[in-house]
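Scroll down for the structure; my scribbles are underneath it.
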Amino acid sequence: MRSCAPGGNVLTGIHILLTLKCTNECEHCFLHCGPSREATFTIGQLRTLIKQIKELGTVSIVYFEGGEPFLFYPLLLEGLRMVRDAGFDAGIVTNGYWATSVEDGLYWLRPIRDLGIVDFSVSDDEFHRLDENDRRAEFAREAAQQLGIPTCTICIEPPSVSRRPSEEYQGKPVVGGGVLFKGRAAERLTVGLPLRDCKELTTCPHEDLVSPERVHVDAYGNVHLCQGLSMGNIREKALPDLVHDYDAQTHPVVGPLLRGGPICLASERGLAVSDSYVDACHLCYTARKLLLPHFPQYLAPKEAYGL
Ligand code: SF4
């Protein structure tokens, strides 16, 4: 069995971005997914990926997400079958658009229940609902529960501003709501929010970039450490070798992030950025988008940057 990387963690979870196509174009989407996106796994690509995941020897769970994976329902089912046959636990993330009623949802979910999944996550919040009468996510959840499928809800609130009287924030306004300001959120949801001096943005607050426990893999073969920040591509080097050979310190984007966060990335690469950003991800995404032409193999796919 191979370890993930020279760090402490082992790669135990793979999230397959089955497609970047989605029914919605949510403002908070990290990957700029939407109806016009095309990148979708073929069955052959899925087979190859699952074989490589097996060879890696450390993974225990494989998720299917997107985009919206139910848009390619036969592919989702076959992928799930392959993942289960390979001995992995499986999970799915969906917005539940397909559940026009609980009864309807039962038809979609029975084959999935029969294959067996350990997590069925439904995105259900203001960003995903068409309007206040849209109950499809609720129907999907209810159908899953009736079938005994382990279910949970992903709910992201729109950004809100509050003042926290803590020492850390010294009464300054802080942004809440759970949105991470990367991808489309960095471009559409940051307007009017309080800003932080970019000299404070010295760490990556959300990802283990040295030895991640989970990565996302898209239909182009990119292995995402964070959305749009790739360890490498499994079409060029098979996943077990890619993971084994990965050196965070020498990665041209991750290295600076580890040395001093997004502000270090911007300064080491000589980027002209503003003095202040909403948070570390806002600056990181902005800097990475500016660096796209220089590191297209590591800042991929271009869709993650709205292109
Ligand atoms: S700081 Fe950058 S790498 Fe870290 S979570 Fe935010 S966008 Fe991702």
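Side chains are part of it too, since the values below use all heavy atoms of this structure and drop only hydrogens, waters and symmetry mates. Whatever order the structure lists ligands and atoms in, that order sets their numbers, starting from 1. In this chain, numbering begins with 1 at the start of the sequence shown.
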Worksheet item: Which atoms of ligand 1 have any heavy atom of Arg288 under 4.0 Å away?
Response: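 Near Arg288, meaning under 4.0 Å from one of its heavy atoms, ligand 1 has 7 (S).
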
Worksheet item: Strictly by modelled atom types, are Glu68 and Thr94 linked by a side-chain donor-acceptor pair under 3.5 Å?
Response: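 On atom types as modelled, these side chains qualify, holding a pair under 3.5 Å.
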
Worksheet item: Going by distance alone, is a donor N or O of one side chain under 3.5 Å from an acceptor N or O of the other, for Tyr63 and Asp119?
Response: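 Note: Tyr63 and Asp119 side chains meet the donor-acceptor criterion.
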
Practice prompt. With sequence neighbours excluded, tell me which residues meet side chain to side chain donor-acceptor pair (under 3.5 Å) with Thr12.
Written response: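 Thr12 satisfies side chain to side chain donor-acceptor pair (under 3.5 Å) with no residue once adjacent residues are dropped.
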
Fill in: Set of residues satisfying side chain to side chain contact (heavy atoms under 4.5 Å, CB included) with respect to Ile112, sequence neighbours excluded
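Side chain to side chain contact (heavy atoms under 4.5 Å, CB included) list for Ile112, sorted by chain: Phe70, Tyr73, Leu76, Leu77, Leu80, Ile92, Leu109, Ile117.
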
Worksheet item: Taking atom 6 (Fe) of ligand 1 as the centre, how many protein N/O/S atoms fall inside a distance shorter than 2.8 Å?
Response: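 Atoms of protein N, O or S type lying less than 2.8 Å from atom 6 (Fe) of ligand 1 total 1.
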
Item to complete: Check ring-ring contact (aromatic ring centres under 6.0 Å, His included) between Tyr305 and all other residues, then give those that pass, not counting sequence neighbours.
Response: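 For Tyr305 the ring-ring contact (aromatic ring centres under 6.0 Å, His included) partners, ignoring immediate neighbours, are Tyr285.
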
Worksheet item: Among the clusters formed by ILVMFWY side chains lying less than 4.5 Å apart, do Phe72 and Ile43 turn up in the same one?
Response: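 Same cluster.
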
